[in-house]
Number of protein chains: 2
Amino acid sequence: MSDCIFCRIAAKEIPSKVVYEDDVIFAFDDIRPQAPVHTLIIPKAHIASLNDMPDDRTDVIGHIFAKAPEIAAAKGIKATGYRLVLNTGPDSGQDVFHVHFHILGGRKMHWPPG
Amino acid sequence: MSDCIFCRIAAKEIPSKVVYEDDVIFAFDDIRPQAPVHTLIIPKAHIASLNDMPDDRTDVIGHIFAKAPEIAAAKGIKATGYRLVLNTGPDSGQDVFHVHFHILGGRKMHWPPG
């Protein structure tokens, strides 16, 4: 069994509110939402952070962004707008070391982005 | 001549502080920085927003994320950490309708991300 909480969520060993799933990515609602819609999109494969991602694996990120508008639509925020956020390393506030994109919307987002 | 300011920046018709450039992407410093490091990464091809991006064009986003750690390293924030942000649509605060990723670092980033 993996020690990584997001690997375990993607494997459904830990329950989550699933928003989208296919062979390579998994999307589920953040348990500490910062906006009316706050969903996380992760690759199923364990990659600790963007700094640890081999160049030949970034196709999974292309796939995440191909599906992001669909995930936004499923949550009702595709037309109203949404922010995608990826944290990498200490200053960013990255807390779980499995690459995860935040998608937030359902309210006006502010600037700066944190 | 394009009406799009980011197309014109990428074409060097408008000067910018260039951070990185290759055949498909262009990175330059934001003129209204929200952190000690605040750089924008754009595809050279004009795509208004993520909602307007055909699925078969998301390889350019994979490429942006493949190069992002290198761009972070060039700005001295790869190890300290950085946040990548993409705004799409009205609620997000997207202001220029040419896909652009913000990369921010050089200080502790806060939560929520705006």
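Fair warning: this is a prediction, and the values are worked out from it, not measured in the lab.
- Both L86(B) and V19(B) are part of a single hydrophobic cluster, where members link through side-chain heavy atoms under 4.5 Å apart.
- Within a 6.0 Å sphere centred on CD1 of I14(B), other residues, nucleotides and ligands contribute more than 12 heavy atoms.
- Heavy-atom pairs under 4.5 Å with chain B peak, among G89(A), A35(A), P112(A), at P112(A).
- Hydrophobic clustering (ILVMFWY, side-chain heavy atoms < 4.5 Å, transitive): F101(A) and V85(B) are in distinct clusters.
- Interatomic distance, CD1 of I61(B) versus CD1 of I64(A), reported as 10.5 Å (0.5 Å rounding).
- At a 4.5 Å heavy-atom cutoff, R57(A) makes no contact with chain B through either its backbone or its side chain.
- The backbone N or O of S92(A) sits less than 3.5 Å from a side-chain atom of R83(B), completing a donor-acceptor pair.
- Residues P113(B) and L104(A) form a side-chain contact, since some pair of their non-hydrogen atoms from C-beta on lies under 4.5 Å apart.
- Hydrophobic clustering of Ile, Leu, Val, Met, Phe, Trp and Tyr side chains at less than 4.5 Å, counting indirect connections, keeps I41(B) apart from V18(B).
- Within the 4.5 Å cutoff, side-chain heavy atoms of L84(B) are placed close to those of L50(A).
- In this structure, H102(A) and W111(B) have side chains that are in contact, with non-hydrogen atoms separated by less than 4.5 Å.
- Contact annotation: the side chain of N51(A) approaches that of Y82(B) to within less than 4.5 Å [non-hydrogen atoms, C-beta and beyond].
- Highest contact tally toward chain B, considering only V60(A), D55(A), T80(A), is held by T80(A) [criterion: heavy-atom pairs under 4.5 Å].
- Clustering ILVMFWY residues whenever any of their side-chain heavy atoms sit less than 4.5 angstrom apart, transitively, puts F65(A) in the very cluster that holds I47(B).
- Residue contact with chain B, scored on non-hydrogen atoms closer than 4.5 Å, involves the backbone and the side chain of N87(A) alike.
- Atom CG of D23(B) is surrounded by 12 or fewer heavy atoms from other residues, nucleotides or ligands within 6.0 Å.
- Note on M53(B): it does not cluster hydrophobically with F97(B), by side-chain heavy-atom contacts below 4.5 Å among ILVMFWY residues.
- The interface of residues 67-79 of chain B with chain A, defined by heavy-atom distances below 4.5 Å, comprises A68(B), P69(B), K78(B), A79(B).
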